[in-house]
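Down below is the structure, laid out as structure tokens.
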Amino acid sequence: MSLAIETRDLVKTYKTRSGQTHVVDRLNLRVEPGEIFGFLGPNGAGKTTTIKILLGIIYQTSGQAFVLGKEAGDIQVHRQISYLPEKPYYYEHMTGLEIMQFYASLFGIKDTEHCKRLLNRVNLGNDMNRPISQYSKGMQQRVGLAQSLLNDPQLLFLDEPTGGLDPIAHIEIRDLILQFRDEGKTVFISSHELSDVERICDRVAIINKGEVVAQGALETLLVGGRIEVTANGCPAELADRMRDGHNVVSLNQGRLIVDMPDDKNPNDVVTAVQSAGGEIVSVIPRRKRLEDLFLEAVSGDDKAKGRQTISMLGSGGNDAVANGQAAPAKTQDTKGDNP
Amino acid sequence: MSAILSIAKTTLGEAIRRRVLLVILLIGVLFLVIAPGLEALSPRQEATVLRALTLGVIQLTSAVIAIVLTVYLIPNEIERRTIYTILSKPVLRWQFLVGKYLGAVFALGLMMALMTATMLLVFAVMKGQTSVDQLGGLARVPVMFFVQMSLLAAVAVFFSTFVTPVVNFFLSGGVYLVGSVFNSLFEAFADPSRGDINPVARALATVVQVIVPNFQNFNVQNSAINPGQVIQGELSYTIGLIGYALFYIAILLIAGILIFDRREV
């Protein structure tokens with residue numbers, strides 16, 4: 001059975017005034033049939049560009065891209081795939097049902113009952129005759145998912161499917177995606193919602209500046225753990241000192257949180273805090289999260305290539321968040337991800 | 001074919017709800033309604049002036065609608081990302097472009113039909129012209145205008161595959177002016193029998209004459225405005241004009257498709 005998605009040294013460059021910009025740089029992806037694959041990366045990493053190449057909307061500069069065993073853009077493949085873009089827009093004068101009928105007609109499907117069934121499946125049965133302009137963001141996203149099921153696709157491309165949704169809509173969409181896998185569909189998700197990805201994806205690829213910096217099964221990539229040390233009454237100089245090494249450090253009104261790999265000795269941090277006059281609140285071991293992997297992979301890659309480290313996730317309300325890690329530039333599991 | 005018609009239908013549905021087009025249409029219809037009051041300004045024969053005025057209003061309004069309607073056809077789809085959902089379905093780019101064009105032409109036809117009906121109503125109610133001959137003579141002029149505007153829409157669709165809407169507005173408007181108002185001027189410059197024309201200017205005028213569609217040919221209102229005037233061999237002339245328009249439309253759409261097919265959207 002052929003792979004659902006495969007790219008081989010995929011490159012996309014754009015000409016700019018200062019020369020050429022590599023948006024996608026020798027990207028190698030392998031997505032197995034029937035899995036939920038998370039495609040992650042910071043803004044501008046090249047995720048949407050890659051999806052557009054896979055859909056045949058734009059063309060690669062070099063390399064190869066295959067979808068369901070055929071070259072990306074093959075019109076026959078489009079009968080077996082579907083796409084939900086980030087922040088989808090629909091013709092606002094149409095109702096939910098009319099939108100479905102429109103997209104169905106592009107496949108030559110004239111079955112209105114089929115459209116209604118799908119709208120019912122995404123809980124829009126009672127709203128299908130209302131104009132899209134009256135739909136909430138979550139409802140529009142659900143219409144997007146319903147239209148992406150019209151052709152009973154083997155492969156779904158979902159670009160930020162839960163972006164900007166409230167918690168209930170989040171859970172609903174997440175459950176729907178899990179149902180797709182149960183039905184044997186392959187789901188390719190590009191998302192910034194790392195907690196969602198961690199809950200539903202089988203494997204992930206993290207890209208940074210167009211290159212894969214980590215790829216593999218989550219269970220393999222998330223081995224190891226972290227230790228979180230929390231202390232009160234800490235000065236800013238201490239936080240700066242803690243940023244050396246492999247730690248993620250945040251400081252908010254004297255409350256210091258140091259997040260470190262579990263192979264490091266937390267006593268060093270505890271001693272440093274006490275010497276600086278701070279008070280230890282807790283030392284909690286925890287398992288490694290996708291967020292940690294993301295930070296390690298992206299900032300490690302940036303450091304290895306001498307780029308400025310990005311400020312990233314989970315920093316709400318903090319005075320400062322920094323990751324001083326020097327993680328390996330690339331992380332791969334051994335499940336044959338490297339073609 | 002189903003995909004093309006679906007895209008055309010959706011485009012039509014969107015176009016007839018666009019406020020800017022409805023405002024332009026409303027202004028046109030208002031002018032048609034008040035036109036009988038304006039004829040007193042001219043010392044010429046009342047009916048002649050009214051016919052010239054109303055047909056002129058229809059032509060000008062239709063030209064503005066044709067350009068405003070089509071310059072945003074493709075850029076809007078890209079900006080709102082609706083094009084991605086459509087092109088990820090089994091829809092080829094040429095089908096998308098042709099569907100958008102046909103939708104625009106349907107919308108244009110609908111709006112022109114409304115203006116024509118208003119004009120006929122004005123003549124019937126305010127001027128008492130109720131004979132089929134009189135009204136039919138008037139109605140066939142907007143039909144040729146429709147063919148002319150369909151050609152203009154194809155020009156705008158062609159440009160919309162590679163320029164921004166604002167640039168397109170001026171480009172398409174310029175092409176329309178060169179092909180209609182200034183056509184006689186370019187014809188005179190391109191005339192090989194005239195020895196007083198600079199050869200370079202003549203060559204340039206000839207190139208413009210070949211490339212730019214001759215919109216002037218579709219202005220058949222003289223025979224309707226001045227009842228004494230007739231078009232010799234009107235049927236064959238009309239068929240020839242429609243063929244000419246279809247030829248140009250096909251060329252423009254094919255050129256647009258070739259550009260759009262490789263365009264990064």
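For clarity, every value in this text was computed on a predicted model and none was experimentally measured. Throughout, a chain's letter reflects where its sequence line sits, starting with A, and its residues are numbered from 1.
Using a 4.5 Å cut-off between heavy atoms, B:Leu92 contacts chain A through both its backbone and its side chain. For A:Pro85, the part sitting under 4.5 Å from any heavy atom of chain B is the side chain, from C-beta outward, and nothing else. A:Phe157 does not touch chain B: none of its heavy atoms, backbone or side chain, sits under 4.5 Å away. Looking at A:Lys52, the atoms closer than 4.5 Å to chain B (heavy atoms on both sides) all sit in the side chain, from C-beta outward. Interface residue B:Glu77: only side-chain heavy atoms are found under 4.5 Å from chain A.
The candidate from A:Gln76, A:Met94, A:Lys87, A:Gln101 with the greatest count of non-hydrogen atom pairs under 4.5 Å with chain B is A:Lys87. When the candidates A:Ile81, A:Asn151, A:Asp74, A:Ile58 are compared by the number of heavy-atom contacts under 4.5 Å with chain B, A:Ile58 comes out ahead. In terms of heavy-atom pairs under 4.5 Å with chain A, the best-connected choice from B:Leu87, B:Ile7, B:Thr85 is B:Thr85.
Put simply, the side chain of B:Arg17 never gets that close to the backbone of A:Glu92: no donor and acceptor are under 3.5 Å apart. Formation of a donor-acceptor pair under 3.5 Å by the B:Arg80 side chain with backbone atoms of A:Tyr90 is not found in this model.
Residue B:Phe146 places its CZ atom among more than 12 non-hydrogen atoms of other residues, nucleotides or ligands, all under 6.0 Å distant. In the displayed structure, B:Phe170 atom CZ is contacted under 6.0 Å by at most 12 heavy atoms of other residues, nucleotides or ligands.
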Kindly determine whether A:Gln147 and B:Lys89 satisfy side chain to side chain contact (heavy atoms under 4.5 Å, CB included), including the steps that lead there.
CA-CA 10 Å; A:Gln147 66 82 24; B:Lys89 307 273 187 278; 2.6 Å; yes
Output, in order, the C-alpha distance, side-chain angles, deciding distance and verdict of side chain to side chain contact (heavy atoms under 4.5 Å, CB included) for B:Glu14 and A:Tyr91.
CA-CA 7 Å; B:Glu14 269 225 302; A:Tyr91 302 109; 3.4 Å; yes
Pair A:Leu106, B:Ser6 - check side chain to side chain contact (heavy atoms under 4.5 Å, CB included), show working.
CA-CA 7 Å; A:Leu106 301 181; B:Ser6 292; 4.3 Å; yes
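Within the 4.5 Å cutoff, side-chain heavy atoms of B:Pro90 are placed close to those of A:Phe107. Proximity of A:Phe102 to B:Ile86: side-chain heavy atoms (C-beta onward) are separated by under 4.5 Å at one or more points. Taking 4.5 Å as the limit, every side-chain heavy atom of B:Val91 sits out of range of all side-chain heavy atoms of A:His78.
Here the OH-OG1 distance, from B:Tyr84 to A:Thr48, works out to 9.0 Å after rounding to the nearest 0.5 Å. The CZ atom of B:Arg93 lies 10.0 Å from the CD1 atom of A:Ile75; values are rounded to the nearest 0.5 Å. Expressed to the nearest 0.5 Å, how far NE2 of A:His93 lies from CD1 of B:Ile16 amounts to 7.5 Å. Distance check: B:Ser88 OG to A:Leu156 CG gives 10.5 Å after rounding to the nearest 0.5 Å.
Residues of residues 96-114 of chain B having a heavy atom under 4.5 Å from any heavy atom of chain A, listed by number: B:Lys100. Heavy-atom proximity under 4.5 angstrom to chain A picks out B:Asp261, B:Arg262, B:Arg263, B:Glu264, B:Val265 from residues 242-265 of chain B.
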